[in-house]
Amino acid sequence: MAQLWGGRFTKETDKEVYSFNASINFDKRLIDVDIMGSIAHVKMLCKQNIVSETEKESIINGLNSILSDVKEGKLLITEEYEDVHSFVEANLIDRIGDAGKKLHTGRSRNDQVALDMRLYSRDYVTKTKALLITLLSEINEVMKANIDTYMPGFTHLQKAQPITLAHHFGAYFEMFRRDVLRLDDIYERMNYCPLGAGALAGTTYPLDREFVAEQLSFYGPTLNSMDSVSDRDYLIEYLSALSIIMMHLSRFCEEIIIWNSNEYRFVEIDDTFSTGSSIMPQKKNPDIAELVRGKTGRVYGALTSLLTTMKGIPLAYNKDMQEDKEVSFDAFDTVNNCIHLFTGMIATMKFNNEIMEKSAMNGFTNATDAADYLVKKGMPFRDAHSVIGRLVLYCIENNKAIHELKILELKSICDMFDMDVYDAISLETCVEKRLTTGGPSRDAMSKEIEANDKFLNKYLD
Ligand code: ARG
């Protein structure tokens, strides 16, 4: 047990208590940012004449040597230390002696861990965003290639009106685009440096917090020292954004699972992204989509967990906050992995355009357009709705689609039908005449794709 405290204790910590309290097993992944923060801190201490130039050099060299030894596997981060901060400090003192004992001047582990978590989360926000941009590019490619691929659009999972595959994917483009914007927004709020807040009430040393913030590419220091050490809002916001991303991915996966089923066959997931059954030789299962859908639960869990952890904590730091790490790290990894694999899955997926188009032709997806046809001939919409309702019933009884009816059959239901009805309710008309902004027509979709390109270019530059 190598700990940073002990002076005021007369007995050793109980072994089980020590390991219950320790966080080294999971906070060891903060080593890079912990050392980065310490280097910024010691540079500032030197600038403020709190440590000498020689001490600063020796501390920085010591810290860098610890980091490279850990990376090369020469130095192991073991459970002998309470947390990553103790590990680094103890090893520093071992390596450079007394100068190492000055690193923690004007600092507490409370503001140190607050800094580490911000640096670490900030990096992940950037990674998540980059992965989303790759996914968005892939979605936009599918859109470009499928602007004329007709398929049924659904409500209540019942065929509703015809759309295109580009239009369907375009909906997900919007969702993930908002996710990117949400991350941008979160980054803006999280990018302030808590170091210098001390344990809770700042410090009497003449620290230059602006200097530290600038070195670590923060917009500036956080404003209130009590809040600095006890704020985990930025993590909660990030976990919320991650939960929303997973909700979007999960919906998309659900659709892909349905579309990949034998009943639909709209798409075929590539062999490289599918798995088999140990008993049923014919099976090719959409496990990746199912797992992404399934993992949504644990990401929501992380958000709920941290919200609950934080809800009853009085100011300022309390050890409860150590519980922010495992759930957050798990959520960071899970989501980034899911976005990455999901992107690969849709990039390799085959679309069965003919099947989709055929499916759009039946199920009365042109019923609204048939009603609109009568409206254009002068009938009030509510009456037209009722006429087409009867027409659909007639079709069901005679096992035909609306466009398969003879003109006399149509006229027997309503004499306002003329030969031009066939063109008015064709699949192409149903889609291409929907010119409203955001609609499925080629014209509207081309504009949407153009806007998507513009959005992506901003991020790809
Ligand atoms: N392992 C702790 C955490 O993750 C570091 C801060 C410890 N501070 C303290 N006063 N015990 O929150």
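All values below were derived from every heavy atom in this structure, side-chain atoms included, with hydrogens, water molecules and symmetry-related copies excluded. For ligands, and for the atoms within them, numbers begin at 1 and follow the listed sequence.
Scanning all protein heavy atoms for the shortest distance to atom 4 (O) of ligand 1 gives Lys325 NZ, 2.5 Å. For atom 2 (C) of ligand 1, the nearest non-hydrogen atom of the protein is Gln322 OE1, 3.2 Å. Looking only at protein heavy atoms, the nearest one to atom 7 (C) of ligand 1 is Tyr317 OH, 3.6 Å. In this structure, atom 8 (N) of ligand 1 lies nearest to the protein heavy atom Asn110 OD1, 3.0 Å.
Taking the six-membered ring where the residue is Trp, the centroids of Tyr238 and Tyr124 are separated by 6.0 Å or more. Ring centroids of Phe455 and Tyr459 are separated by less than 6.0 Å, placing the two rings close together.
Atoms CD and CH2, on Glu254 and Trp259 in that order, are 11.5 Å from each other to the nearest 0.5 Å.
Paired with Asp83 under the rule salt bridge (Lys or Arg N to Asp or Glu O under 4.0 Å), one option of Lys325, Arg109, Arg29 passes, and it is Arg109. When the options Asn191, Asp123, Asp231, Thr222 are evaluated for a side-chain hydrogen bond (donor to acceptor under 3.5 Å, both in side chains) with Arg118, the one that passes is Asp231.
Under a 4.0 Å criterion applied to the non-hydrogen atoms of Asp83, ligand 1 contributes the atoms 1 (N).
At least one N or O atom of Ser23 sits closer than 3.5 Å to an N or O atom of ligand 1.
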